[in-house]
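Heavy atoms only: backbone and side chains are in, while hydrogens, waters and symmetry mates are out.
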Amino acid sequence: MPIYNAPTKDIQFVLHDLLKVSEQDIEGFEDLDRDFTGAVVEEAGRIATEVLHPLNVVGDTEGCVMENGVVRTPTGFKEAFEQMKEGGWTAMDCDPDYGGQGLPYVMHTAAQEPFVSANMAFNMYQGLTHGAYSAIYAHGSDEQKQKYLPKMVSCEWTGTMNLTEPHCGTDLGLMRTKAVPNGDGSYKISGQKIFISAGEHDMADNIIHLVLAKIQGGPEGIKGVSLFIVPKFMVNDDGSLGARNGVACGKIEEKMGIHGNSTCVMNYDEATGFLVGEEHKGMRAMFTMMNEARLGVGLQGYAQAESAYQNAVAYANDRLQGRDVTGVKNPDGPADPLIVHPDIRRNLMDQKSFVEGARAFTFWGAYLIDRAHKNQDADADGLISLMTPVIKGFLTDKGFEYATAAQQVYGGHGYIEEWGMSQYARDARIAMIYEGANGIQALDLVGRKLAQDGGKHVMAFFEMVKTFIKENEGNEALKKDFLEPLKAASKDLQAAGMYFMQNATKPNNALSGSYDFMHMMGHVCLGLMWARMAKAAMEALEGGASDTEFYETKIATGRYYMARQLPATSMHLSRINTGGDTVMALEAANF
């Protein structure tokens, strides 16, 4: 059976050595000292390892079952969900006015990682609820907040987001789900939604569906989309549950992975719904939910790679195959362990350097969300808006890549289900698709985010990189291995941006290079994180840190990323500079 141990020491390193959370001028951060965050992270890690991880394979093998319209989750899920609720893990960063703990979002993120690594499918039940909470919290009326949020914060009621229909996914302007006014402020919602995570299950008393639909007579296309609260059970004025609403699960989707999550086809048959926010402004409200979800999905990408990596390391140390070409390392055995071989080391270092860089990048994104929301910081808001498609797209692409790389370490055993490695690859694969497929993330980045506010935020990012390099250019320990590679990669990224500007009249040139640009930017972001982490580790060593091995390992891992991974920006720039002609050369009939 696969193993998992929460990387609590590294999470603490990112929070305190890198982000220095307790020193930040953000409301609530002053309470985030090492003892407090350590207690939270250690307990989250314990629950992940002892409670959630043993259920991961159970969820994968049993899946969810629907009988007579009732969906049963896998054995043990219901009891584990109760533990999560009782421990307050579903309410960490939620508003105390509705029963939350009011902690910063970065602490929610730090606790979520072990939960996702241990059991991604399980954690989606509370994850989607958190997103639905955020949408209602930001856009709902006071009455709606009082009515729904306390029970959603506690996860007595869970939440969903309903966007996709059989004939439309990304192009939501094509949706057919309709909303007809009842005359009393409510609406009749009719239509079918597919791929609805946690759409129906047996772990909550009620499910609050957030549904996109078109009010009859509204504008055509995406401008006519509105957002509605559609509860599974109607909620009475006193908060008790009333009659069953006209919404039902048609079937559970048969999927490649995340079998423990009930991904449903949802049928709405004149179900009663309540408008969230303004008519025809549904996408604005839904994006509150989706942007948060996209950071969470980026986390899913590297969190699955983390679990797969841990198992690959254990296998590489245990499995005896061949002899070290430089001399026998296991003279008492018939062969040396796999980990002595350079190609296995390369594979593991690829995984390790990605996961640790991705963790830093994601936590930094969460920190920006806190700064934007708590300090009303428009610059932080613009920067996280720019980074969101990179966090989602790059980290899930690479997360899947390295989950399969971990599988490769096992050789043939990686392809055999009893070893558990295929589940990481299968579960990680969906993260590249949902919450906006990664091609859409790349188009969003290049087509919208680069030019947002006149290009202010991407220029601020370039300036951030430039300033870090300039401030530390006298640090000889950083210069050659970290600052010079970062400077070269940043210049590649700026050159790509300049190419897009110079070819503004030829949109296919930019769109053909958008995916490469997303990966370029991902590499530069991780390069910046690694340079910052290396500096922090060096400072810790200079300050007499007792755990010298941890900090020296951190620096060595960073050197690997800068030397072996970051130069990929040059390849991506070369691709971008070829333009769109080769991409668009064939007629559709010739594919």
Side-chain angles (χ1 to χ4, degrees), residues 7-26 29 32-34 37-38 106 109-110 302 349 352-368 370-371 380 383 387 390-391 395 460-494 521-569:
T8 53
K9 182 179 289 187
D10 203 59
I11 289 173
Q12 283 285 82
F13 169 81
V14 173
L15 289 174
H16 294 283
D17 296 71
L18 177 65
L19 298 178
K20 301 184 184 301
V21 289
S22 63
E23 301 173 24
Q24 300 299 324
D25 62 336
I26 303 174
F29 274 53
L32 303 184
D33 58 51
R34 285 184 184 268
T37 61
V106 73
T109 303
Y302 83 78
M349 286 296 283
K352 179 178 175 63
S353 63
F354 163 72
V355 167
E356 293 180 17
R359 176 176 298 117
F361 185 27
T362 304
F363 283 30
W364 178 57
Y367 155 82
L368 289 174
D370 278 323
R371 178 164 288 282
L383 193 53
M387 293 299 167
V390 186
I391 291 172
L395 298 192
F461 174 68
F462 288 140
E463 188 62 30
M464 181 185 299
V465 175
K466 181 180 178 181
T467 299
F468 178 82
I469 293 171
K470 188 173 182 179
E471 289 177 348
N472 294 281
E473 59 189 359
N475 186 334
E476 292 300 322
L478 273 180
K479 188 173 182 179
K480 183 176 184 297
D481 293 336
F482 292 93
L483 301 185
E484 290 179 2
L486 179 59
K487 181 186 290 187
S490 181
K491 286 183 176 179
D492 286 342
L493 186 64
Q494 292 178 65
M521 194 158 182
H523 278 299
V524 173
C525 288
L526 262 64
L528 177 61
M529 293 300 110
W530 270 116
R532 287 176 168 177
M533 286 193 287
K535 180 183 177 182
M538 290 174 186
E539 289 175 346
L541 289 170
E542 290 168 2
S546 58
D547 193 352
T548 57
E549 185 177 26
F550 173 84
Y551 291 108
E552 289 171 353
T553 298
K554 181 66 67 177
I555 294 166
T557 305
R559 285 197 186 102
Y560 180 90
Y561 191 89
M562 305 305 274
R564 300 278 303 211
Q565 301 274 54
L566 194 55
T569 58

Side chain to side chain contact (heavy atoms under 4.5 Å, CB included) partners for [X], two or more places apart:
X      : result
Lys487 : Ile469, Lys491
Ala488 : none
Ala536 : Phe13, Asp17
Thr467 : Glu463, Glu471

Using the salt bridge (charged side-chain N to carboxylate O under 4.0 Å, His left out) criterion, which residues pair with [X]? Sequence neighbours excluded.
X      : value
Asp10  : Arg359, Lys554
Lys352 : Glu356
Arg559 : Asp481

Who passes side-chain hydrogen bond (donor to acceptor under 3.5 Å, both in side chains) against [X], sequence neighbours left out?
X      : value
Thr37  : Gln12, His16
Arg564 : none
Asp547 : Lys9
Asn472 : Lys535

* Asked: Considering residues, nucleotides and ligands other than Lys20, do more than 12 of their heavy atoms fall under 6.0 Å from its NZ?
  -> yes

* Looking at side-chain heavy atoms only, is the closest gap between Met464 and Leu528 below 4.5 Å? -> yes

* **Side chain to side chain, Cys525 and Phe461, heavy atoms closer than 4.5 Å** => yes

* Kindly say whether Leu19 contributes a backbone atom to a donor-acceptor pair with the side chain of Gln24 at under 3.5 angstrom? => yes

* Asked: Does a donor on one side chain and an acceptor on the other come within less than 3.5 Å for Glu549 and Thr553?
  -> no

* Only counting residues at least two apart or in another chain, list the ones meeting ring pair (Phe, Tyr, Trp, His ring centres under 6.0 Å) with Phe361. => none

